[in-house]
Amino acid sequence: PALVKASAGGGGRGIRLVREPGELALALESAEREAAAAFGDGALFLERYVEGARHVEVQILGDAAGTVTHLFGRECSVQRRWQKVIEEAPVGDERLLEAAVRIGEALGYVGAGTVEFLVAPDGAFYFLEVNARLQVEHPVTEMVTGIDLVALQLRIAEGGPVPDGVMVVGHAVEARLYAEGAGTLHRFRAGGVRVDSGVEDGSQVSGRYDPLLAKLVAHAPERAEAIRRLAAALRCARIHGVPTNRDLLLAVLEHPA
């Protein structure tokens with residue numbers, strides 16, 4: 001099987017799965033239409049679709065002196081309609097970490113970036129892309145390393161070095177709270193964990209923009225405790241006015257698997 005993907009895509013937009021050759025023409029047409037509407041760019045490419053893969057990415061940092069390092073990896077396999085909804089850190093597969101650093105070195109990369117991979121069930125891994133920016137899920141890396149990635153980007157831009165000897169402490173899990181429809185968000189209250197939000201009481205949720213309302217991020221010494229803290233924070237949040245994916249997030253976090 002193949003995957004049709006928008007070159008300028010993101011957030012799961014402009015992606016179509018093609019299992020039979022006869023499906024390709026329609027997939028190209030619909031993906032191009034969606035990509036042009038969403039990103040102003042209808043360019044597409046094809047890649048192999050890896051069945052049952054995990055989505056693992058590595059946070060890299062490069063400085064003007066040519067040093068490239070990593071801040072470990074993030075597990076981003078829990079997705080809905082090709083869009084990440086729950087992410088975790090750290091992930092420490094040395095093969096991926098080393099490959100990400102080599103890619104950064106080959107690019108002469110300066111700043112913070114993310115190298116994304118697919119990991120097949122047999123352990124083979126495949127390059128997806130480099131995102132030359134901070135990812136939505138960068139807070140889980142910040143929580144386990146204690147590093148402010150935004151501040152670090154500014155220091156690197158001023159000519160400063162990448163950090164050395166970074167250690168990870170504990171485990172962090174992030175949930176993306178999305179609106180599932182447009183309207184007025186009458187009430188938004190969330191706490192007990194880190195909350196990165198772009199909305200407040202009275203905010204208008206429009207179908208023209210990404211529907212992300214907030215990111216809730218829990219950090220704890222052990223993974224199971226971080227998951228429990230995040231689920232509790234989601235359950236206690238007060239969200240009125242627009243439907244959200246909270247029930248989906250809770251179902252995933254509280255699922256035995």
Side-chain angles (χ1 to χ4, degrees), residues 5-12 45 47-48 50 53-79 82-120 123-174 176 194 196 210 212 215 217 219 223 226:
K5 297 182 74 173
S7 178
F45 64 95
E47 67 182 28
R48 173 186 170 191
V50 183
R54 289 170 52 222
H55 185 129
V56 180
E57 61 190 33
V58 179
Q59 179 74 64
I60 62 168
L61 299 165
D63 61 27
T67 303
V68 177
T69 188
H70 68 78
L71 294 183
F72 303 93
R74 296 187 286 258
E75 169 71 60
C76 306
S77 300
V78 179
Q79 302 183 13
W82 312 110
Q83 185 169 53
K84 302 168 188 172
V85 290
I86 292 176
E87 303 101 354
E88 304 184 48
V91 179
D93 188 322
E94 289 295 332
R95 302 173 305 151
L96 269 66
L97 301 179
E98 292 171 5
V101 170
R102 290 202 305 273
I103 288 171
E105 291 171 342
L107 293 171
Y109 196 88
V110 177
T114 302
V115 185
E116 302 199 356
F117 299 97
L118 288 179
V119 182
F125 65 96
Y126 304 90
F127 171 77
L128 268 181
E129 63 183 1
V130 175
N131 274 306
R133 55 176 171 78
L134 286 185
Q135 301 281 88
V136 172
E137 58 273 19
H138 79 271
V140 292
T141 296
E142 292 187 331
M143 299 297 276
V144 297
T145 61
I147 291 175
D148 182 332
L149 285 171
V150 176
L152 183 57
Q153 282 195 126
L154 294 172
R155 286 202 295 274
I156 290 172
E158 292 173 335
V162 297
D164 187 32
V166 176
M167 304 290 290
V168 294
V169 177
H171 198 91
V173 186
E174 173 182 290
R176 301 190 190 191
R194 171 174 170 173
D196 290 8
D210 189 284
L212 183 64
K215 302 179 289 187
V217 192
H219 180 245
R223 179 174 184 262

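Side-chain atoms of Asp196 and Val217, non-hydrogen and from C-beta on, never get closer than 4.5 Å to each other. A heavy-atom distance below 4.5 Å is not found between the side chains of Val78 and Arg54. In this structure the side chain of Leu97 never reaches within 4.5 angstrom of the side chain of Val91, judged on heavy atoms. Taking 4.5 Å as the limit, some side-chain heavy atom of Val144 sits within range of a side-chain heavy atom of His219. Between Phe125 and Val56 there is no side-chain heavy-atom pair separated by less than 4.5 Å. A heavy-atom distance below 4.5 Å is found between the side chains of Arg176 and Glu137.
Between the side chains of Gln135 and Arg133, at least one donor-acceptor pair of N or O atoms lies under 3.5 Å. Using modelled atom types and a 3.5 Å distance limit, the side chains of Gln59 and His138 yield no donor-acceptor pair.
One distance of note links CD of Glu129 with OG1 of Thr114; it measures 9.5 Å at 0.5 Å rounding. In this structure, CD1 in Ile86 is found 10.0 Å from CD in Glu174, a value given to the nearest 0.5 Å. For the atom pair OG1 (Thr141) and CD1 (Ile147), the distance works out to 9.5 Å, reported to the nearest 0.5 Å. Going from atom CG of Leu61 over to atom CG of Leu149 covers 6.5 Å, rounded to the nearest 0.5 Å. Note: Tyr126 OH to Phe117 CZ = 13.0 Å, rounded to the nearest 0.5 Å. In this structure, the separation between CD on Glu98 and CD1 on Ile103 is 12.0 Å, given to the nearest 0.5 Å.
One N or O on the side chain of Asp63 and one on the backbone of Gly66 form a donor-acceptor pair closer than 3.5 Å. At least one donor-acceptor pair under 3.5 Å links the side chain of Lys215 to the backbone N or O of Val136. Of the possible polar contacts, none joining the Arg223 side chain to the Glu88 backbone as a donor-acceptor pair under 3.5 Å is found. Within the 3.5 Å criterion, the main-chain N or O of Gln79 finds no donor-acceptor partner in the side chain of His55.
Remark: Arg74 does not engage Glu87 in a salt bridge, criterion side-chain N to carboxylate O under 4.0 Å. Between Arg194 and Glu142 there is a salt bridge, since at least one side-chain N of the basic residue sits less than 4.0 Å from a carboxylate O of the acidic one. Remark: Glu116 engages Lys84 in a salt bridge, criterion side-chain N to carboxylate O under 4.0 Å.
When all heavy atoms of Ala172 and Met143 are compared, the closest pair comes out as CB-CB, 3.9 Å. Closest approach of Gly170 and Pro90 over heavy atoms only: O-CD, 3.6 Å. Scanning all heavy atoms of the two residues, the minimum distance from Ala89 to Gly73 falls at CB-O, 3.8 Å. Summarising the geometry of Pro161 relative to Leu152, their closest heavy-atom pair is O-CD1, 4.4 Å, with the distance given to 0.1 Å. The two residues Val162 and Gly62 make their nearest non-hydrogen contact at CG1-C, 3.6 Å. Heavy-atom minimum distance, Leu134 versus Ala112: CD2-CB, 3.9 Å.
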Worked check of side-chain contact (heavy atoms from CB on, under 4.5 Å) between Val58 and Phe72: CA-CA 6 Å; Val58 179; Phe72 303 93; over 6 Å; no
CA sep, side-chain torsions, deciding dist, call: Leu128, Lys5, side-chain contact (heavy atoms from CB on, under 4.5 Å): CA-CA 11 Å; Leu128 268 181; Lys5 297 182 74 173; 3.8 Å; yes
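Only one option out of Val68, Thr69, Thr67 pairs with Val101 in a side chain to side chain contact (heavy atoms under 4.5 Å, CB included); it is Val68.
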